[in-house]
Amino acid sequence: MKTELSFANFAEIETELLAVLAIDTQTAKGADAKPAPVLLTTDEAVNAAAAAVLAGGEFKAGANETLLLHTPAGLKAKRLLVVGLGKAAKATPHSVRNAAGTAVRFAKPRGIREVVLALPVADTLDAAASARAAAEGALVGDFDPDTYRSERKDVSMQKFTAIAAESADQAALGAAFAEGVIVGESQNFTRALVNEPGNKLTPTVLGQRAAEMAQAVSLNWEVHSTEKLHELKMGAFWSVSQGSEEPPALIVLKYEPEGVVDGPVLGLVGKGITFDTGGISIKPADNMEKMKYDMAGGAAMLGAMRAIALLKPKVRVIGIVCAAENMPDGKAQKPGDVQTAMPAAADKPGKTIEIINTDAEGRLVLADGLTYAKQLGATHLIDAATLTGAIGVALGLVNAGAFANDDATYEKFAEALKISGEKFWRMPLGDEYADQIKSDIGDIKNTGGRYGGACTAAEFLHVFAEETPWIHLDIAGLAWIDEARPYIAKGPSGIAVRSILEWVRSY
Ligand code: BES
Ligand code: MN
Ligand code: ZN
């Protein structure tokens, strides 16, 4: 889908569909309270075209509610689509992001291949943030997961144009919109990877896709496999990989902005299990097909690295994805096995891990990934992983989980969430959780029992992050959307890309 920002007189725009946003200004309560939708445009022709139908009371401007007018009087557009942002007080750039997605997803199944969106004008809405959000939302809305249909039903939109009045701050809106395009495309890059089935996207193929992307955006990259894992003594990562015919991939991307020689080095570490059968502790058949998305954390890091390379923040960033397939096999690791993780330093022994459940594999690959990130010089760490079913039990499918060993580092992430609009909820770490993963035979075990599963998994990673400021994102509940929403298709969500990016940009 092509994207463009232009400045024009709205009445003169010739398009299949002109979308305009509206808020619900109704404050009265009770049975006789009438809806009071107000369009967020000062354009007189657009307001006049919609006036009669808005006065009619059938449209409340609820969040992502739509109203379609054909051949609107006084406009050259063939259709006028009004998209609601919800209650006036709650309308934010995040509602604009969703509304732009709603407009695109309204058009797609109707065979409408272009959408022009009038950027909202309101005292309470930052114009640049709205322009950026509109670009993101339109791109995210354009994504559909049916890539392997032999005759694809919903092909991509041809063009999305955001328009603003000629009097608007063109430079500021232009920069913000261009940024939104990069972010939206990066999120979709992640979603396309997450969508791929396990037979198509093996660890090796994920490595190739990462390398192609890195090449395209001028990131330094290396993709290693079995030999390097042995050389680095990555016993935890290898233990997951050993049961698969598919070799592992250790993907390393480096963003090194010119002239930045000191200051923090941010390490982004992603879980890249291209398929998780559970291994010898095999998963039940029901829903096992979903485990193709067990590389969503790794894909989020790749999407974030893509956006970082294009937006060029002044901070060094290392991206690491630990990709493997978790399979049962004659060579697979077994419950009770003891593995030795990568040593934190050449003169130290690696920590030993008692494998209780081979299905708790994500923390194993991440353990070595975190240690390696530190060895490469990372001063601050963030990891993302579809780590536990327990995080969905704790937080529902509403918030993803975030853990951190350092308040100041988490504070920066919390600020990033205000820009990204993604929902993460901070979860606790603590010695009591750490006690649950002590092993009788070695240093730690890879599961902590029935209670607090997301927290004990996080404490497992904490053992390897050690004192380095670190954030852990458990996105298991939100990386895959089971039910479509007006602004996003069902399937891979691309969660965490935007928040990780903004966290990086805060340094
Ligand atoms: N990949 C799963 C977690 C998961 C569950 C992701 C549901 C997405 C949706 C992870 O590897 C796993 O199997 N975790 C186990 C841990 C347990 C064995 C301690 C789990 O959550 O059941
Ligand atoms: Mn598992
Ligand atoms: Zn897994």
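Just so it is clear, the structure is predicted and the values come from calculations on it, not from any experiment. Numbering of ligands and ligand atoms starts at 1, following listing order. Nothing fancy with the numbering, it's 1 onward along the sequence.
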query: Is any NZ, NE, NH1 or NH2 atom of the basic residue among Asp482 and Lys490 found under 4.0 Å from an Asp or Glu carboxylate oxygen of the other?
result: no
message: If the threshold is 4.0 Å, N to carboxylate O, is there a salt bridge linking Arg191 and Glu185?
response: no
- request: State yes or no: are the ring centers of Tyr410 and Phe403 separated by less than 6.0 Å?
  value: no
- prompt: Taking the six-membered ring for Trp, are the ring centroids of Trp470 and His380 within less than 6.0 Å of each other?
  reply: no
Tell me whether [X] reaches ligand 1 (any heavy atom closer than 4.0 angstrom to a ligand atom).
{"X": "Leu387", "result": "yes"}
{"X": "Lys283", "result": "yes"}
{"X": "Arg363", "result": "yes"}

- request: For the atoms NZ of Lys271 and OE2 of Glu361, give the angle they form at the Zn ion (ligand 3), rounded to 10 degrees.
  value: 90°
Ignoring hydrogens and angles, state whether a donor on the side chain of [X] or [Y] is under 3.5 Å from an acceptor on the partner side chain.
{"X": "Gln436", "Y": "Thr456", "answer": "no"}
{"X": "Asn98", "Y": "Asn64", "answer": "no"}
{"X": "Glu256", "Y": "Asn220", "answer": "yes"}
{"X": "Asp294", "Y": "Thr386", "answer": "yes"}

Can you tell me the protein heavy atom closest to [atom] and the distance?
{"atom": "atom 9 (C) of ligand 1", "result": "Tyr293 OH, 3.3 Å"}
{"atom": "atom 12 (C) of ligand 1", "result": "Asp359 O, 3.2 Å"}
{"atom": "atom 2 (C) of ligand 1", "result": "Asp276 OD2, 3.6 Å"}
{"atom": "atom 20 (C) of ligand 1", "result": "Gly389 N, 3.9 Å"}

Would you mind running through ligand 1 and noting each atom that sits below 4.0 Å from a heavy atom of [X]?
{"X": "Thr386", "value": "1 (N), 2 (C), 3 (C), 6 (C)"}
{"X": "Asn357", "value": "18 (C)"}
{"X": "Glu361", "value": "11 (O)"}
{"X": "Thr447", "value": "19 (C)"}
{"X": "Lys271", "value": "1 (N), 10 (C), 11 (O)"}

message: Out of the candidates Leu381, Ile318, Leu501, Ile308, only one should pair with Leu268 under the side-chain contact (heavy atoms from CB on, under 4.5 Å) rule; please name it.
response: Ile308
Identity of the N, O or S atom of Asp276 lying closest to the Mn ion (ligand 2): OD2
field: the Zn ion (ligand 3) - name of the N/O/S atom of Asp276 that sits closest to it
entry: OD2
query: Hey, which N, O or S atom on Asp294 ends up closest to the Zn ion (ligand 3)?
result: OD2
- request: Step by step, work out the side chain to side chain donor-acceptor pair (under 3.5 Å) result for Gln339 and Gln333.
  value: CA-CA 9 Å; Gln339 309 293 359; Gln333 70 174 331; 3.0 Å; yes
message: Just to be sure I read this right, does ligand 1 sit under 4.0 Å from the backbone of Met291, its side chain, both, or neither, counting only heavy atoms?
response: side chain
statement: Going by the 4.0 angstrom heavy-atom rule, the piece of Trp480 near ligand 1 is neither
Tell me whether the NZ or CZ atom of [X] lies within the 45° cone about the ring axis of [Y] and under 6.0 Å from its centre.
{"X": "Arg316", "Y": "Tyr255", "answer": "no"}
{"X": "Lys412", "Y": "Tyr507", "answer": "yes"}
{"X": "Arg110", "Y": "Phe106", "answer": "yes"}

message: Using a plain distance cutoff, I'd like to know if Thr388 has any nitrogen or oxygen under 3.5 Å from a nitrogen or oxygen of ligand 1.
response: no
- prompt: Where the Mn ion (ligand 2) is the corner point, what angle links OE1 of Glu361 with OD1 of Asp359, to 10°?
  reply: 120°
message: Closer than 4.0 Å and a protein heavy atom, does any atom meet both conditions relative to atom 22 (O) of ligand 1?
response: no
